[in-house]
2 protein chains.
Amino acid sequence: MPRIGMEPQRREALVRATIAEIAVSGARDVTVARIAKRAGMSPALAHHYFGSKDRMLLAAMRRILSDFGADARRAMAQAETPRARLDAIVRASFGPDNFDREVVAAWLNFYVQAHGDADTRRLLHVYHARLRSNLVHALRPLTDDPATLAEGIGALIDGLYMRQALRRTELATDRSVALVTDYIERGLAP
Amino acid sequence: MPRIGMEPQRREALVRATIAEIAVSGARDVTVARIAKRAGMSPALAHHYFGSKDRMLLAAMRRILSDFGADARRAMAQAETPRARLDAIVRASFGPDNFDREVVAAWLNFYVQAHGDADTRRLLHVYHARLRSNLVHALRPLTDDPATLAEGIGALIDGLYMRQALRRTELATDRSVALVTDYIERGLAP
DNA sequence: TGTTTTTAATTGATCCGTCAATCAATAAAC
DNA sequence: GTTTATTGATTGACGGATCAATTAAAAACA
């Protein structure tokens, strides 16, 4: 019963399913069969649209990065002062969407995959570069060594992410934001 | 040509080979065959001594943790003041051994595996608890909220680790130590 | 309008490869 | 002669990918 024009929905469903499946199985054990089942189609169809499992994984990573980028842009849009822009970046980094268990798990696996796969690493460098650029831009009027502080902030965010991924306690978000905010404040003090 | 008393050497060789193999292939693609080959024996013998692949991986993680613990203990032994103890912890965290490409890769994969496997997670919690305990103990005489600062330090260390794992530039060690040290100093300032 | 051809969607069956794990057999050491 | 060390061969399972076949919509055509 093939309806026409299914491709966008199918791709969308597969991307979502890939992210969800990574969260429950880990990227190490994710299988095309399980992804396809969750997305409500046959494994063959998944291959039809994406060509290979690696492409599915990459599409999932790309989606997460693009969602994150959209969030960050939206949050920064309303910021007037440099200080407000900084807060916007931090809040976006720890926004509820990014802290969904699924997304955190995908990020974790993202890092590991980037260690071995060139395409993924390139994708990750784009994210790093964008975050660094945003931070440096916001920090430049406030300190004379924005690069160093930006690196620390980025690393702190990443580290808090990891810890979050390994706790089952909810609502560490506020705590994480507070830690980063505090780090920034102290970093800006003379 | 079986010599007697091989078990310890074989196990040692397998643990080393597992760590090395994780570094080049990633834990996702590591195979018993490759581990055994690198360790100079047949896959069957590897199974003979470890029973399963998971046990090999777990033994590798355990080794890394125990090496790290030994380093930390050694570094802290010579520290007299709380401040010196803090520096020792940080220096141990970023000691050359821990920053070997192999070990960093293993740590990365360790985190991911902990997300899905209970045994590994337990092992990781031991590490977290020990690090936190060391930090809090050293911080207590210096601040009235040692727990929060300890959490930030731990996350910063972890985050710097991850970034290190994804760059090919050498010598970020000094930079990482400097960032953490700076974080501590600012965190201890009123 | 009715008929035919093309195209997209979809899956069941299947192939090929790989990998963890097992087992039986051999060879030395005690 | 029993125990330990060791491996080649094999098994059983699983996973990614392919392909041929089926269904229905759309387009071309009569």
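Chain letters run A, B, ... following the sequence lines, proteins first, then strands; residues in each count from 1.
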- Message: Measure CE/B:Met6 against P/D:dT4 and give the value in whole Å, please.
- Response: 15 Å
- Could you give the CD-to-P distance, from B:Glu7 to D:dA5, as a whole number of Å? 6 Å
- Note on the structure: B:Met41 atom CE is separated from D:dT6 atom P, nearest whole Å, by 8 Å
- Rounded to whole angstrom units, what separation is found between the CG atom of B:Leu45 and the C1' atom of C:dA25? 15 Å
- Message: If you compare every side-chain N and O of A:Arg10 against the phosphate oxygens of C:dA8 (OP1, OP2), does one of them come in below 4.0 Å?
- Response: no
- Task: Mind calculating the distance between CG (A:Leu57) and C1' (D:dA17) to the nearest angstrom?
- Result: 15 Å
- Check whether more than 12 heavy atoms from other residues, nucleotides or ligands sit under 6.0 Å from atom CZ of B:Arg16, and answer yes or no. no
- Item | Along DNA chain D (nearest heavy atom to each residue), the more 5'-positioned of B:Pro8 and B:Ala44 | B:Pro8
- Item | Protein-nucleotide distance (A:Lys37, atom NZ; C:dT11, atom C1'), rounded to Å | 16 Å
- At under 4.0 Å between heavy atoms, what does A:Tyr49 touch on the DNA or RNA strands: base, sugar-phosphate, or nothing? sugar-phosphate
- Query: So which heavy atom on B:Ala147 is nearest to which on B:Val136, and how close?
  - Reply: CA-CG2, 4.3 Å
- Query: Do A:Arg163 and B:Glu151 sit within salt-bridge range, that is, some charged N less than 4.0 Å from a carboxylate O?
  - Reply: no
- Query: Rounded to the nearest 0.5 Å, what separation is found between the CD1 atom of B:Ile153 and the CG atom of B:Asp158?
  - Reply: 12.0 Å
- In whole angstrom, what separates B:Met56's CE from C:dA20's P? 8 Å
- Any donor and acceptor pair, going by atom type alone, linking the side chain of A:Thr143 with main-chain N or O of A:Leu139 inside 3.5 Å? no
Return the polar atom pairs (N/O with N/O) between nucleotides 13-16 of chain D and the protein under 3.5 Å, or none.
unit_1: D:dG16; atom_1: OP1; unit_2: A:Lys53; atom_2: NZ; d: 2.7
unit_1: D:dG16; atom_1: OP2; unit_2: A:Val32; atom_2: N; d: 3.0

Solution key, residues 30-44 of chain A side-chain donor-acceptor pairs under 3.5 Å, sequence neighbours excluded:
unit_1: A:Thr31; atom_1: OG1; unit_2: A:Ala33; atom_2: N; d: 3.2
unit_1: A:Thr31; atom_1: OG1; unit_2: A:Arg34; atom_2: N; d: 3.0
unit_1: A:Arg34; atom_1: NE; unit_2: A:Glu21; atom_2: OE2; d: 3.2
unit_1: A:Arg34; atom_1: NH2; unit_2: A:Ser25; atom_2: OG; d: 3.4
unit_1: A:Arg34; atom_1: NH2; unit_2: A:Asp29; atom_2: O; d: 3.1
unit_1: A:Arg38; atom_1: NE; unit_2: A:Glu21; atom_2: OE1; d: 2.7
unit_1: A:Arg38; atom_1: NH2; unit_2: A:Glu21; atom_2: OE1; d: 3.4
unit_1: A:Ser42; atom_1: OG; unit_2: A:Leu45; atom_2: N; d: 3.2

